[in-house]
J.: 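The structure follows.
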There are 2 protein chains.
Amino acid sequence: MVPTSATGSLTDERPMRADAQRNYERLVLAAREVLRESGTESSLEEIARRAGVGIGTLYRRFPTRLSLLEAVYREDVDALAVSTTRLVEQEQPWEALEAWVWVLLDYAATKRALFQELVDAAGRDSELLTHSRETVIGAAGLVLRNAQEAGVARAEVEPSDLLRLVGGCTMMGELESEQQKRVVAIVLGGIRAAA
Amino acid sequence: MVPTSATGSLTDERPMRADAQRNYERLVLAAREVLRESGTESSLEEIARRAGVGIGTLYRRFPTRLSLLEAVYREDVDALAVSTTRLVEQEQPWEALEAWVWVLLDYAATKRALFQELVDAAGRDSELLTHSRETVIGAAGLVLRNAQEAGVARAEVEPSDLLRLVGGCTMMGELESEQQKRVVAIVLGGIRAAA
DNA sequence: TTGCAAAACGGAGGCTGCCTCCGTATTGTT
DNA sequence: AACAATACGGAGGCAGCCTCCGTTTTGCAA
């Protein structure tokens, strides 16, 4: 999953230079480590330090905090998309939605930092459509539309509403599992179409 | 509303010294101003600067970021409590709850910074029961219990759930009014007891 | 191989913010 | 008027963000 070019866009002619690629890997590795330890508070300098790389290198490779987070969690984000598809194919629409919310929560629990900044940047920055945002919103849309077409979810709910509700309230501070259950129940209850 | 003693606790014998009181007022004034401009990002140094006061003075008076926010919004928080009581007395239980959510949103809109840190500190710090937290949670409890006793709100919902849902998801970034309406509708739908 | 330009590195440095500490100034009380 | 008690304020230490640019590394081409 290590790209051989910085952007993955169509305009890369050359592969990354060997040292660049090595440092890329080190940075992502260190970032994952530091993020696990310090979450949202993680310092970029600490990450660079841990990676044994100059701060300048970090900034060259990842101009944005978000871009680093994305690199770290890219695989996980893609995995979310995959398991979303599976849910939609194998479960009943409502059950899929229910299950998906829990998948999202579980997912968010280990990716607070990314999620925080992602939801945060949901409104503004709408220019910079990052891979993660597209993917997560896409997943939400898939499972939601599926439920709506089956008539089990209210038609007016939008994917971003789902993210807000599930992500938003969960993202702030920890949530004990009891409260988590209650909150999810409330959200699901509010989304379910009246019988 | 300017206290004549730093803590308001039982142990203050003397009133604040004149200069202390003057600076207190200046600080709160400046803080309100800066908070309006910069929200959560507000810098304490900027506030001190704006107040024409040394940074040391700020820290002596408000050892904690939260304590400053509280001072700024103390009156507003109390006002929330008052209008909560009024709602409960004058409206039907469910209507009161509905209206209260909107009051809370409106309230939160101008007090993002306080709210953010408040909800954030909801779990940990449970020792330090600040005035604001008690007040806000108390208000949520009042309106919620009222609805529950009337049988129009699910019994298992807790006050902090309400804060999480309404505050949490709203607090992250801006929310356009359309989305706000949808999100509130979902939350209320999930709280309402099944008929 | 060797040479060389393109690519990448890395950290110093400028800026800002957090917070503490302590010498100095202001009060108000006797 | 004098003297504690109280309060002030900012220097200074630490850390993080980000940029800029002189130095090093790499890989292609001769």
J.: Give the cluster check for V77(B) versus L29(B): same hydrophobic cluster or not, with ILVMFWY residues linked at side-chain heavy-atom distances below 4.5 Å.
T.: no
J.: At under 4.0 Å between heavy atoms, which parts of nucleotides 25-30 of chain C does protein reach? Answer with one letter per nucleotide, 5' to 3': B base, S sugar-phosphate only, - none.
T.: -BSS--
J.: Between V166(B) and F115(B), is any pair of side-chain heavy atoms under 4.5 Å apart?
T.: no
J.: Test of understanding: with side chain to side chain donor-acceptor pair (under 3.5 Å), list the residues that count as partners of D161(B), not counting sequence neighbours.
T.: Q179(A), R182(A)
J.: Indicate for each nucleotide in nucleotides 10-23 of chain C, in 5' to 3' sequence, whether protein heavy atoms under 4.0 Å reach the base (B), only the sugar-phosphate (S), or nothing (-).
T.: BBB----BBBB---
J.: I need the CG-P distance between L68(A) and dC18(D), as an integer number of Å.
T.: 12 Å
J.: Go through the structure and list residues passing side chain to side chain donor-acceptor pair (under 3.5 Å) with R22(A), not counting sequence neighbours.
T.: none
J.: Does a salt bridge link E46(B) with R49(B), judged by any charged N lying under 4.0 Å from a carboxylate O?
T.: yes
J.: Test of understanding: with side chain to side chain donor-acceptor pair (under 3.5 Å), list the residues that count as partners of E33(B), not counting sequence neighbours.
T.: R50(B)
J.: Using atom types as modelled and distance alone, determine if a side-chain donor or acceptor of E70(B) lies under 3.5 Å from a backbone N or O of H131(B).
T.: yes
J.: What is the distance, rounded to the nearest whole Å, between atom CG of L27(A) and atom C1' of dA8(C)?
T.: 13 Å
J.: Ion pair present between E178(A) and K181(A), side-chain N to carboxylate O less than 4.0 angstrom?
T.: yes
J.: Without decimals, in angstroms, what is the distance between Q21(B) CD and dT6(D) P?
T.: 16 Å
J.: Any side-chain heavy atom of D76(A) within less than 4.5 Å of one from K111(A)?
T.: yes
J.: I'd like to know if the side chain of T110(A) reaches the main chain of Y107(A), judged simply by a donor and an acceptor atom lying under 3.5 Å from each other, with no hydrogens or angles considered.
T.: yes
J.: Enter the inter-axis angle for the ends of the helix from dT1(C)-dA30(D) to dT30(C)-dA1(D) (five pairs per end, rounded to 10°).
T.: 20°
